[in-house]
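Everything below concerns the one structure shown next.
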Amino acid sequence: MKMVTAIIQPKRLSDVREALSEIEVTGITATEVKGFGRQKGHTELYRGAEFVVEFLPKVKLEIAITDEQLEQVIETIIKACKINGGKIGDGKIFVSSLEQVIRIRTGETGPEAV
Amino acid sequence: MKMVTAIIQPKRLSDVREALSEIEVTGITATEVKGFGRQKGHTELYRGAEFVVEFLPKVKLEIAITDEQLEQVIETIIKACKINGGKIGDGKIFVSSLEQVIRIRTGETGPEAV
Amino acid sequence: MKMVTAIIQPKRLSDVREALSEIEVTGITATEVKGFGRQKGHTELYRGAEFVVEFLPKVKLEIAITDEQLEQVIETIIKACKINGGKIGDGKIFVSSLEQVIRIRTGETGPEAV
Amino acid sequence: MENQILELQYAMDTFYFLVMGALVMWMAAGFSMLEAGLVRSKNTAEILTKNIGLFAIACTMYMVYGYDVMYGGDAFLSGISGQGESYSNAADFYFQVVFVATSMSIVSGAVAERMKLFAFFAFAVIFTTVIYPLEGSWTWGGASVFGLYSLSDFGFYDFAGSGIVHMAGASAALAGVLLLGARKGKYDKDGKSMPILGANLPLATLGTFILWMGWFGFNGGSVLAMASKESADAVAMVFVNTNAAAAGGVIAALLFAKVWFGKADLTMTLNGALAGLVAITAGPDTPSVLVATLIGAGGGVIVVLSIVWFDRKLRIDDPVGAISVHGVVGLFGLLVVPLTNNDATFSGQLIGALTIFAWVFISSGILWYVLKSIIGIRISKEDEDEGADISECGLEAYPEFVTK
Amino acid sequence: MENQILELQYAMDTFYFLVMGALVMWMAAGFSMLEAGLVRSKNTAEILTKNIGLFAIACTMYMVYGYDVMYGGDAFLSGISGQGESYSNAADFYFQVVFVATSMSIVSGAVAERMKLFAFFAFAVIFTTVIYPLEGSWTWGGASVFGLYSLSDFGFYDFAGSGIVHMAGASAALAGVLLLGARKGKYDKDGKSMPILGANLPLATLGTFILWMGWFGFNGGSVLAMASKESADAVAMVFVNTNAAAAGGVIAALLFAKVWFGKADLTMTLNGALAGLVAITAGPDTPSVLVATLIGAGGGVIVVLSIVWFDRKLRIDDPVGAISVHGVVGLFGLLVVPLTNNDATFSGQLIGALTIFAWVFISSGILWYVLKSIIGIRISKEDEDEGADISECGLEAYPEFVTK
Amino acid sequence: MENQILELQYAMDTFYFLVMGALVMWMAAGFSMLEAGLVRSKNTAEILTKNIGLFAIACTMYMVYGYDVMYGGDAFLSGISGQGESYSNAADFYFQVVFVATSMSIVSGAVAERMKLFAFFAFAVIFTTVIYPLEGSWTWGGASVFGLYSLSDFGFYDFAGSGIVHMAGASAALAGVLLLGARKGKYDKDGKSMPILGANLPLATLGTFILWMGWFGFNGGSVLAMASKESADAVAMVFVNTNAAAAGGVIAALLFAKVWFGKADLTMTLNGALAGLVAITAGPDTPSVLVATLIGAGGGVIVVLSIVWFDRKLRIDDPVGAISVHGVVGLFGLLVVPLTNNDATFSGQLIGALTIFAWVFISSGILWYVLKSIIGIRISKEDEDEGADISECGLEAYPEFVTK
Ligand SMILES: Nc1ncnc2c1ncn2[C@@H]1O[C@H](COP(=O)(O)OP(=O)(O)O)[C@@H](O)[C@H]1O
Ligand SMILES: Nc1ncnc2c1ncn2[C@@H]1O[C@H](COP(=O)(O)OP(=O)(O)O)[C@@H](O)[C@H]1O
Ligand SMILES: Nc1ncnc2c1ncn2[C@@H]1O[C@H](COP(=O)(O)OP(=O)(O)O)[C@@H](O)[C@H]1O
């Protein structure tokens, strides 16, 4: 099993979620994060003093899937995020391996638990 | 070493924390997340218009442990979460492998640093 | 590629960020978390009743890097966190392996995408 | 001694105007908090700036020219002096100026979360200098409508401004909203209305209470005299009826929403309170307390229907419900006056309402259109996503709190 | 001319009542903000709905019947007219009606975070129609207690309602809380009290300041006349003493909490201010400013002790401390009146307090019990976990902010 | 009958004082909200405690001794009675006491986020007992400055206290800030000013509106009489001018910041409103409305320049801008009085300003220094990191909201 971690623009959240449910991904965990990447933060102003907000709001999605789903999930995310063409700040996807997944309610483990 | 990631109901947080400290887990990192799984979100109302809150509040616990602790930790979490019998939305546990753990203060590494 | 996860004191965030950009780490994802470790929480008071806030505010940094960067990144983080000497609560670093990294905008994968 | 008594009357009436005026000024805070609570946090600083700015503009422009237009008094810029006949002229001006600001405040809520700040301010300048004062001159000012007809001839009666202040504000708002369009994401591709939640309901509730309190000044001060038994009784009755109508609006909206939606909808309840207040404003002097409660309750039911209707049927996006609360219910308030007041006729009320609406809607529409053509009235899609706070004000209202 | 002077007096007294009444009405906002700040964010929208709803219910039911019960005036529903003898009857009603609402507001804080909204509203209907007006008729109304004895015979004196308004509200609250039980998680298995933190202390502080301001109307208006040197002096003295007592309460609670707990506890300080105000309310007319400060300080110390005592020893869960602030300190306020006022006797104060408490506690207890049996007064455990906002109002007060 | 008229005048003036005083008391809430909104959330509970505490201390200490110092009235502690000559003495005291509190409130904002709570309270005790009353005695009290010279001889004129209240508060604040130093992190190693954002701008805006409203009492009450045509006209004019100046301040600050920074800076706009109010306070009685607007606008521009100048050039860290708003603009307010008022001379204004500044700055400086030496005035670095809420109050203002 794999854990796909995608850092995306907050405004893309609902697009990505919809796209993923169409390919039958049934579970997602979303976290509000602050991201710092190539995209430069924006400038704010306070009492006349400018300052750069370096960490921009992003959403982190964690999606546990079976090995077979991996390719499709990645493609789906990329497509949903690039709805308006690719822009800096669109985000990144990280993939790592999962040793075990357990559904607490039933105690099921492995791919069925995903 | 392993990283156990458990997505649980926010109201179970203190039960789980207590149960874990009894089996001498000394470190936990908790994050507020929004979860989307089999459990359907609840319906809210705004000015007469219903809408579904799809992402429900959950707590994500990250617990770094040694390989030996794994089984016990998983069992303990499951038990604490099912205090009132298992229900949809009770959550999931993900296990992945950790290559290294370092305690910043002392520079200790490996199992002692957990 | 590696994913370095560092749990640090919130007040160290800007030091760590600056130190990391000096060694050309270009991406960081930061999350506000609550940590529970050896450091005991502090005591607050409400209407005369004391209570312990067990989970202390921490910042979790996730930094995806190439294998070669690993050592330097860890050292840099440790140094930036111990600016005032090591104290309990200074935090921990976890390292795990990343199977894949993808830059959404360009579709680049692997080390170039980091 | 005769003279001393006259002076005392003069002093009391002046004092009464000032106290009532201070209460109406306080409504500016009420509108600010109401609107700041009902928008998303990313547009909060902007709407606060808008509200304090429009209040200042209204006070200044009405002083410079509007008061003169409305009451045809002395010459440009010099109309305000301490001295008056039966009360200080300055006190009268003070009371009148806060009314203009109220009318203008109504607009800001309806166009929230997407309008350019300085386009709004430009509108405010003209609205408070000309558009409002002109219709005010036809009604409270007693002038004839473009020399054509006189509203008082038809038996038009609007005690404290359900039409003159509230419906006028809502008409300007409606014209603006039609040209502006809905907020991004408010309607999905099938035209289904998506709720956009207000970020801070305690603020919205506070705003409602402030408005409720300020309304005692709004209606109570509109008796225009205090220092005799008759006028004192009238003011007292107006206070009681104003309060009763607000209470009626709350109860009606609360129960109606509960029955319809199954829950006690707080924002509808708040709108119910305001609707009760708007409804009674055209005639708080004549009904009995019970009737005032019922008029308020009528407003409370209408506002719930109207908000849903505008939102889901007409697809007119009004973030705080200002058009329903002040426009639709304002009209209702005008139309029920003849039930308890023989000086008012149903036809007179209709003609008055139409006159005010036509003038304000058309002149505002033209003005919005001109602004749209020249400087644009809508912020960019990108800025709307990021929030007007950053694009217009360069800062955030709650920088420390993590938001959705 | 004689007549003109009488009219001026009439007008001034009427105006005075209206201004004082508007300040008391403002206390409704104060209670709302105080309570909204002291509950958890998940119960905030519900308590706001509760507060605005109860105010509306109080205003309506007192108009329909309560005023008649209390002052045995004219017939049902018709008791309010503009005309009065030495001031407008409507102004009197206006001033009285906001008092009922105050008493009812006290209840809402104590039962917060777990009571069913509509059970509360049902209680409010009866409380404001019968329970409060009846005890009000025995005291300010001058009627005898069920035809048995007359409180004025015993030298009972309660200037502005430490007992009649505040302790009465607290008695109803106590009965409710006893039947309702503590909030989930308030006491652990060993019965140890767990703190449940209020979500928004600036709101709670704002509420306290609003109440402080409104209290000038509450006590100041209770002189019931302004238009003579004697009454003007009395009103001024009442203002000064009310302010002094609040200040005394703040200082005492702040220092006492600092010494006891080691920190300057803000919520205790806020309660200290309110306790000072409640303590002086029974007799703000007779003490010197220094004594008023001391009475307030007494209230400030008592409230800290009482809150801790209720919370930790009696294990009675009162989220905002309403029973201590209004009940315990209200009693204290009654009992210190004889120290500075010869018209009051210690025994009279005790008998009065007992009468009020017995009547309100028992009748409220029965009413709560009936409601509990028929519709239930407590929301489900599940709903309590999720928050009353979702279950009762279907929305959240701060939907954008991530919460614990 | 003659007598009845006198009594009515007496009653009206007393009533007027009480209403104006209640408005000024309300400013305490305004300062609390303004400051609570402009600090970081981790220092919010502390500043709320500070504000309510200082108000209580001011009310108590001024009663105990300060009033006596300022107006050399009756003996220690007994100076306040209901009776007065042309209005109740208690009403006068009530009005005066809220002024002291205002002056003290100014200090709390400037020293926010780093001062020890009880050091501040200790300062407040002395400031309200001696420092402020003494300079008040030289100005409004009519006493000579240490027996050396009399300010009235020079044609010093400060109608409602631009200097006596506002600049005095700012002078004490400046002395404190100089000894206290900047907040941790305010200036980086190169001395560059780093913005530290206020956590809750709706609160800050609410506070500004509250202050705006309360200012009507502040300036309007300073006419000191109402019950004649002349005084009524004066009060009305003062109300209008006060409002106009605030409006002018808003517009000027908004536009000036927009031009300078490119954005409509909300916090600057709020400061503009307050600057307009401070600027007009020295002489709201003589200018025409237009001139009042311009004076306010002058204040609005000055405050923007001054805040930036203090922050970036002088590197004096004043979290809410109190020194600029009340000090710099207060001085400006004093200096423009002679333009419209022949009773005032430019030199008199300068001498008065210098006298007040020198006395308050030096005496406060000594007092701060003594406090620093004995108990320390600054919280530890560690506590500053964690926030004064935890270290001073033991609780958090928004415990549920996740913060940066
Ligand atoms: N190496 C990395 N490690 C962790 N997070 C990263 C890394 N690179 C990017 N991110 C996350 O992804 C977000 C998007 O990055 P961005 O700079 O816009 O990427 P790109 O360079 O692909 O345009 C960042 O805000 C950050 O949260
Ligand atoms: N495949 C998954 N990937 C990531 N997170 C998941 C996944 N499945 C479930 N979760 C998380 O676990 C939480 C509980 O899921 P739920 O649907 O209640 O699980 P179950 O199907 O076991 O009842 C979800 O809200 C979500 O945060
Ligand atoms: N075993 C662990 N698993 C997950 N997170 C941990 C673990 N140990 C520590 N942490 C995180 O690191 C933070 C710092 O831990 P602390 O107890 O101060 O470490 P130390 O023992 O090195 O001083 C904790 O607040 C927690 O968030």
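Being a predicted model, the structure only gives us computed values, none of them experimental. Every chain is numbered from 1 and lettered A, B, ... according to where its sequence line falls, protein lines coming before strand lines.
One finds no salt bridge joining C/Lys34 and B/Glu32 here, because no Lys/Arg side-chain nitrogen approaches an Asp/Glu carboxylate oxygen to under 4.0 Å.
Contact of C/Lys58 with chain B is not made at all, since no heavy-atom distance falls under 4.5 Å. At a 4.5 Å heavy-atom cutoff, the contact between C/Thr31 and chain B is made by side-chain atoms alone. Interface residue B/Thr29: backbone and side-chain heavy atoms are both found under 4.5 Å from chain C. Contacts between B/Val59 and chain C at a heavy-atom distance below 4.5 Å are absent for every atom of the residue. Of the atoms belonging to C/Leu70, not a single heavy atom falls under 4.5 Å from chain B.
Taking OG1 from B/Thr106 and CG from C/Asp90, the interatomic distance works out to 10.0 Å, rounded to the nearest 0.5 Å. One distance of note links CD of B/Glu99 with CE of C/Met3; it measures 12.5 Å at 0.5 Å rounding. A distance of 10.0 Å separates CZ in C/Phe94 from CD1 in B/Ile102, rounded to the nearest 0.5 Å. Summarising the geometry, atom OG1 belonging to B/Thr26 is positioned 8.5 Å from atom CZ belonging to C/Phe36; distances are rounded to the nearest 0.5 Å.
When all heavy atoms of B/Arg103 and C/Lys92 are compared, the pair lying nearest together is NH2-NZ, 3.4 Å. Closest heavy-atom contact between B/Leu98 and C/Ser96: CD2-CB, 4.3 Å.
Heavy atoms from other residues, nucleotides or ligands lying under 6.0 Å from CD of C/Glu18 number more than 12. Applying the 6.0 Å contact sphere to CD of C/Glu112 captures more than 12 heavy atoms from other residues, nucleotides or ligands.
The candidate from B/Ala113, B/Ala30, B/Ser21 with the greatest count of non-hydrogen atom pairs under 4.5 Å with chain C is B/Ala30.
In this structure the side chain of B/Glu62 reaches within 4.5 angstrom of the side chain of C/Lys60, judged on heavy atoms. Side-chain contact between B/Ile104 and C/Ile93 is present, with at least one heavy-atom pair separated by less than 4.5 Å.
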